[in-house]
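None of these values were measured; they are calculated from a predicted model.
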Amino acid sequence: MVEEHLGLEAWDEMLAQVEPASGGSYTAAATYDDEELLAIVGYLSERTGKPAAELIHDFGAYLLGAFHARYPRFFDGVTAKEFLRNVGGIIHAEVRKLYPDAGVPSFEYEDPGPDRLVMLYESPRKMCALAEGLIHGAGAHFGVSIELDHPRCMHRGDDHCRLELRFGDGRGTASP
Ligand code: HEM
């Protein structure tokens, strides 16, 4: 995302400033210290003047597109709501099989109505901003607006984040 939005030179300049312990040649199969991501986001926040949470959110929306390119089968034949409902039980479970060291969050669900879904997010990494971005990215991918409320948050001392979704097409049934 940095390369696409700011250019390869900006990425190299950033690595020279941040000096991540791994050296910064990131690949999908390896595992990296969370501190590296946070240091990169901190640097970009200073450089762009955008708050870190906003950058992480926007990265989530971008990441959804990258996941679609890499793992299209999770997106086939499902609605936006079904896709999001599958993240906890199916998608991240598959990710754990492929990458046993992956640090994926836990999601529990409530299903209060056809146009609604509640996702209960819990993770020691507290990356609810990334989750929100991924959810908005899913809305864009499936062509449905998703309104999001976040009445409980781990960053405000709650033991989980409560993400309340409302699908704009009434059911989350739009297909891409
Ligand atoms: C095809 C879709 C998806 C795939 C393949 C996928 C896969 C992954 C992978 C590989 C990681 C990183 C684990 C690591 O490197 O340690 C991750 C983390 C994460 N995923 Fe997913 N994911 C998908 C969809 C979603 C969606 C839609 C959401 C949100 C609703 C979500 C929420 C998160 C969050 C918040 C993290 C950060 C780690 C944490 O909070 O503990 N994912 N996912």
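- Looking at R162 and E122, no side-chain N of the basic residue comes within less than 4.0 Å of a carboxylate O on the acidic one, giving no salt bridge.
- The closest donor-acceptor contact from the side chain of E82 to the backbone of T79 lies under 3.5 Å.
- Linking Ile, Leu, Val, Met, Phe, Trp and Tyr whenever their side-chain heavy atoms come within less than 4.5 Å puts L63 and F107 in one cluster.
- Placement of L148 and M154 within a single hydrophobic cluster is found when ILVMFWY residues are connected by side-chain heavy-atom separations under 4.5 Å, directly or transitively.
- The cluster map of Ile, Leu, Val, Met, Phe, Trp and Tyr, joined by side-chain heavy atoms under 4.5 Å apart, puts V87 and Y99 in the same cluster.
- Ring-plane geometry between Y62 and H5 is classed as perpendicular, the angle between the planes exceeding 60 degrees on a 0 to 90 degree scale with a lower cut at 30.
- With rounding to the nearest 0.5 Å, the separation of CG in L15 from OG in S25 is 7.5 Å.
- Nearest heavy-atom pair across P105 and H92 is CD-CE1, 3.5 Å.
- Ring pair Y26/Y32 is perpendicular by interplanar angle, where above 60° counts as perpendicular and below 30° as parallel.
- Hydrophobic clustering (side-chain heavy atoms under 4.5 Å, transitive across Ile, Leu, Val, Met, Phe, Trp, Tyr) groups V78 together with L64.
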> Can you list the steps and then say if F67 with F74 is a ring-ring contact (aromatic ring centres under 6.0 Å, His included)?
Replying inline: CA-CA 9 Å; F67 281 158; F74 292 128; 9.0 Å; no
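- Within the 3.5 Å criterion, the main-chain N or O of P151 finds a donor-acceptor partner in the side chain of R156.
- Here the CG-CZ distance, from L37 to R125, works out to 11.0 Å after rounding to the nearest 0.5 Å.
- At a threshold of 4.5 Å between non-hydrogen side-chain atoms, the residues F59 and L55 do not count as touching.
- Between F75 and H68, the ring planes are perpendicular. Angles over 60° get that label, and only those under 30° would be called parallel.
- Atoms CZ and CE, from R85 and M119 in turn, are 9.0 Å apart once rounded to the nearest 0.5 Å.
- Residue pairs meeting the side-chain hydrogen bond (donor to acceptor under 3.5 Å, both in side chains) criterion with at least one member in residues 144-155, sequence neighbours excluded, are E132-H150.
- Under the 3.5 Å distance criterion, the side-chain polar atoms of D158 are left unmatched by any main-chain donor or acceptor of H160.
- Atom OG1 of T31 sits about 10.0 Å away from atom CG of D34, to the nearest 0.5 Å.
- Residues H136 and H141 fail the side-chain proximity criterion, which asks for heavy atoms closer than 4.5 Å.
- Taking both residues in full, the closest heavy atoms of L134 and G60 are given as CD2-O, 3.5 Å, listed atom of the first, atom of the second, then distance.
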> Run the side-chain contact (heavy atoms from CB on, under 4.5 Å) check on E19 and E36 step by step: do they pass?
Replying inline: CA-CA 9 Å; E19 294 186 323; E36 296 197 13; over 6 Å; no
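- Looking only at atom types and distance, the side chain of E94 has no donor-acceptor partner in the side chain of Y71 under 3.5 Å away.
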>> For R96 and V104: C-alpha separation, side-chain torsions, deciding distance, then whether side-chain contact (heavy atoms from CB on, under 4.5 Å) applies.
In response: CA-CA 8 Å; R96 291 299 288 260; V104 292; 3.5 Å; yes
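- We find the CD1-CG distance between I146 and L163 to be 11.5 Å, quoted to the nearest 0.5 Å.
- Shown are S106, C128, C153; of these, the side chain to side chain contact (heavy atoms under 4.5 Å, CB included) with Y121 is made only by C128.
- Atoms CG and CG, on D159 and L120 in that order, are 10.0 Å from each other to the nearest 0.5 Å.
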>> Show, in sequence, the C-alpha distance, side-chain angles and deciding distance for L117 and E110, and conclude whether the side-chain contact (heavy atoms from CB on, under 4.5 Å) test is met.
In response: CA-CA 6 Å; L117 182 67; E110 292 170 16; over 6 Å; no
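- The cationic group of R116 does not satisfy the cation-pi geometry with F167, failing either the under 6.0 Å distance to the six-membered ring centre or the 45° limit from the ring axis.
- A donor-acceptor distance shorter than 3.5 angstrom exists from the side chain of T48 to the backbone of L44, with no hydrogens or angles considered.
- Hydrophobic clustering (side-chain heavy atoms under 4.5 Å, transitive across Ile, Leu, Val, Met, Phe, Trp, Tyr) keeps V118 apart from Y109.
- Residues forming a side chain to side chain contact (heavy atoms under 4.5 Å, CB included) with E54 (at least two apart in sequence, or on another chain): K50, P51, D58.
- Looking at every heavy atom in both residues, G168 comes nearest to V144 through N-CG2, 3.8 Å.
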